[in-house]
Amino acid sequence: MSALPKIYRGNSTPLPDAELAALIDAYPKPSRLSEYSYGTAGFRYEASLLPCAFVRMGIFTALRSASLGGEEVGAMITASHNAERDNGMKLADSHGGMLDADWEEHAVSLANAPDSKHVLALMRTLANRVGTTAPDGKFPPMVVHIGRDTRSHSTPLAELVIRSARAMGATVIDHGTVTTPMLHHFVMHANGHMLPMCIPQRCNEGGYYEIVAMSYAALLRTGGTIVGVGGGCRRLPSASTLVIDGACGIGAIKVDEFRRIFARLSDEGCTVGLPSLRVVNFPGDGPLNVDCGAEFVQKQQSPPKFYGDSASGASRQYVTSFDGDADRVVFHYEDGGGEFHLLDGDKIAVLVSSFIQDELRCIDPDGTAVKCGVVQTAYANGSSTLYLKNVVKTNVVIAKTGVKFVHAAAHHHFDVGVYFEANGHGTVLFGPKFYDFIASAEARLRGTPRHDRANIALRRLRVLPALVNQSVGDAMSDMMLVDAILFLRGWDLSTWASLYSDMPSKQAKIKVADRTVITTNDNETAATAPVALQIALQAAMDAMATQENAKDGPKPRCFVRPSGTEDAVRVYAEANTQKGADSLASEAMILIHKLCGGVGAPPQPLITNRL
Ligand SMILES: CC(=O)N[C@H]1[C@@H](OP(=O)(O)O)O[C@H](CO)[C@@H](O)[C@@H]1O
Ligand SMILES: [Mg+2]
């Protein structure tokens, strides 16, 4: 059952300096760390390094809320796909998305201030700059939402953030264990962003489930009114039971709620197309993110371990894997011959963008009313980019790795912006022109028969912004979006997979003494330092192109970049053969080890078994 958040009301008055200082100094900077840095998705370190930063982030989030005149903000305690030993914090700004880039540096300065004296001085400067200090020492109202994942240290770390935010006089809304996208959703709705669909009861777990389940059911129901269109709208036996691998994390617990909701929907007579759900890999079934979950499945390109579950071959035809905080989702299946097939974020981008474009065209055949497009990163498989451009015929933009970059690009470039990182993190953003389009279509189509194709398209499009999380990528809502599209198209995973074939690829990571010695160009497709590294990588790519001598399709590609969430350098390679991709990635690993201060013995060649 969904729990209500615990609310600690604040009085907007910080504790006296001496008490704040005592709290800050009780958690000094760890001697093992020279500086905290703000990575791809916020602070992320081995958990024992974090108390100092987290006490200060309680203060920071309160200040951020004050700077926005009391708009509510959020802090999610999670290290997502990382191992259990790590933890971290993702900060949600008042619109529900990632923290404003200008404020990242304030967060970093506060985290790295040598002691309480400096923290308090910085806090005062910041408060003055944003005009928040009143003569009586009172701040404007401050509201901070807190969520946490299932890691053993997430609760004590969350308590530290709560303590220091309360010490600032902020109201703290503690949502307990939730997924990252749920926390972002609460913050977005609490501030009334996403109007006209925002109503207050959606700011808690029950409200979240309701909005996702109801809009999903509404989308499925549009399949019930089709008369002789396209032969779709059926649930193939191979897509009737959806197995959900929860990565032994929070997503398993939360998605399991939908089984109860689906049962209720069925009781209420809403049975069109609901699949049965089977959740595996709950917390405690196995170690978090180990040999299971979206990160493992996508990076290793192999099926997850089904801890404590002897799922038969038949039930592995329709499987989805979440990551540790359920903001990523990938799909996969085993075919009749036992071969594994992955449908990653690129495949989701293709499925979703072509569905939306098809529906838009039913109302606006010229396709000029709203600008649609897809944002990918350098990790997108070359075949997916070609397919999007040549077959879906949509706009494609390549942005830097990380949700904060792809989200901003989707928002900036498109009225309907689909973004998915290859690892399955993504969503669809709907801008004002989309809502105008829906409003004018509603006026125009009023009174048309429900089975009229344009009328159906309108009802499908209208429900999407409620189903698809508008603040960040969301494994649960993305899973339902994909499932609904498959149902409406009458497809299973193999039909979807057959749209195009991925170029064989290889991903790996390698430890170096200091990964910041590697810098990259803007979209991370090439290293700008060390210069010798990029020259050698280019030579390796050219040699592979000559060796493979493929006539058409994308050319072999390899790039490297320092991870923003792990202490490692990431390597990506793709080629026309798996052997070629493995060989390029191996060469890159050896080059990094040699030119960038590799730790330990030189890496061994990478060999993918499924050749
Ligand atoms: C190759 C890869 O999957 N990188 C991931 C990973 O970032 P890195 O900076 O590569 O560690 O974690 C980010 C947060 O979840 C996610 O946005 C990003 O796509
Ligand atoms: Mg995640």
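Along the sequence shown, residues carry numbers from 1. Source: prediction; values computed, not measured. Order of appearance sets the numbers: ligands from 1, and atoms from 1 within every ligand.
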query = What do you reckon, does Lys90 have a nitrogen or oxygen under 3.5 Å from a nitrogen or oxygen of ligand 1?
reply = no
Do the charged groups of [X] and [Y] touch, with an N to O distance under 4.0 Å?
X: Arg44; Y: Glu566; result: no
X: Arg515; Y: Asp567; result: yes
X: Asp325; Y: Lys90; result: yes

Regarding [X] and [Y], is there a side-chain donor-to-acceptor distance under 3.5 Å anywhere?
X: Thr401; Y: Arg570; result: no
X: Glu72; Y: Ser94; result: no
X: Tyr208; Y: Asp474; result: yes

For [X], take its heavy atoms, then give the atoms of ligand 1 lying under 4.0 Å from any of them.
X: Lys299; result: 1 (C), 2 (C), 3 (O)
X: Arg570; result: 1 (C), 4 (N), 6 (C), 8 (P), 10 (O), 11 (O)
X: Thr401; result: 4 (N), 18 (C), 19 (O)
X: Gly564; result: 8 (P), 9 (O), 11 (O)
X: Arg561; result: 8 (P), 9 (O), 10 (O)
X: Gly402; result: 17 (O)

With Glu46 as partner, the option from Arg151, Arg85, Arg32 fulfilling salt bridge (Lys or Arg N to Asp or Glu O under 4.0 Å) is Arg32
Across all chains, not counting sequence neighbours, the side-chain hydrogen bond (donor to acceptor under 3.5 Å, both in side chains) partners of Ser471 are Asn469
Logged contact type for Tyr572 with ligand 1, heavy-atom cut-off 4.0 Å, is neither
The answer for which part of Gln298 has a heavy atom under 4.0 Å from ligand 1 is neither
Indicate every side-chain donor-acceptor pair of residues 529-538 with a distance under 3.5 Å to a residue at least two apart or in another chain.
unit_1: Gln534; atom_1: OE1; unit_2: Ala527; atom_2: N; d: 2.7
unit_1: Gln538; atom_1: NE2; unit_2: Asp542; atom_2: OD1; d: 3.1

For [atom], what is the closest protein heavy atom, and at what distance to 0.1 Å?
atom: atom 15 (O) of ligand 1; answer: Arg328 NH2, 3.3 Å
atom: atom 17 (O) of ligand 1; answer: Glu421 OE1, 2.6 Å
atom: atom 5 (C) of ligand 1; answer: Asn423 ND2, 3.5 Å
atom: atom 9 (O) of ligand 1; answer: Thr40 OG1, 2.5 Å

So does His411 have more than 12 non-hydrogen atoms from other groups sitting under 6.0 Å from NE2?
no
* To do: Return yes if some donor-acceptor pair links the side-chain N/O of Asp323 with the main-chain N/O of Asp327 below 3.5 Å, else return no.
  => yes
- Answer yes if the ring centres of His332 and His341 are under 6.0 angstrom apart, and no otherwise. no
Any His81 heavy atom less than 4.0 Å to ligand 1: yes
Practice item. Compute the minimum heavy-atom distance from His425 to ligand 1 and say whether it is under 4.0 Å. Key: no
Under 2.8 Å from the Mg ion (ligand 2), the protein N, O or S atoms found are Ser80 OG, Asp323 OD2, Asp325 OD1, Asp327 OD1
Looking at Thr565, Thr78, Val569, the heavy atom closest to atom 6 (C) of ligand 1 belongs to Thr565
For residues 499-506, please give each side-chain donor-acceptor pair under 3.5 Å, one per line with the distance, not counting sequence neighbours.
unit_1: Ser505; atom_1: OG; unit_2: Gln301; atom_2: NE2; d: 3.2
unit_1: Lys506; atom_1: NZ; unit_2: Thr608; atom_2: OG1; d: 3.0

The side chain to side chain contact (heavy atoms under 4.5 Å, CB included) partner of Phe322 among Ile244, Asp245, Asn281 is Ile244
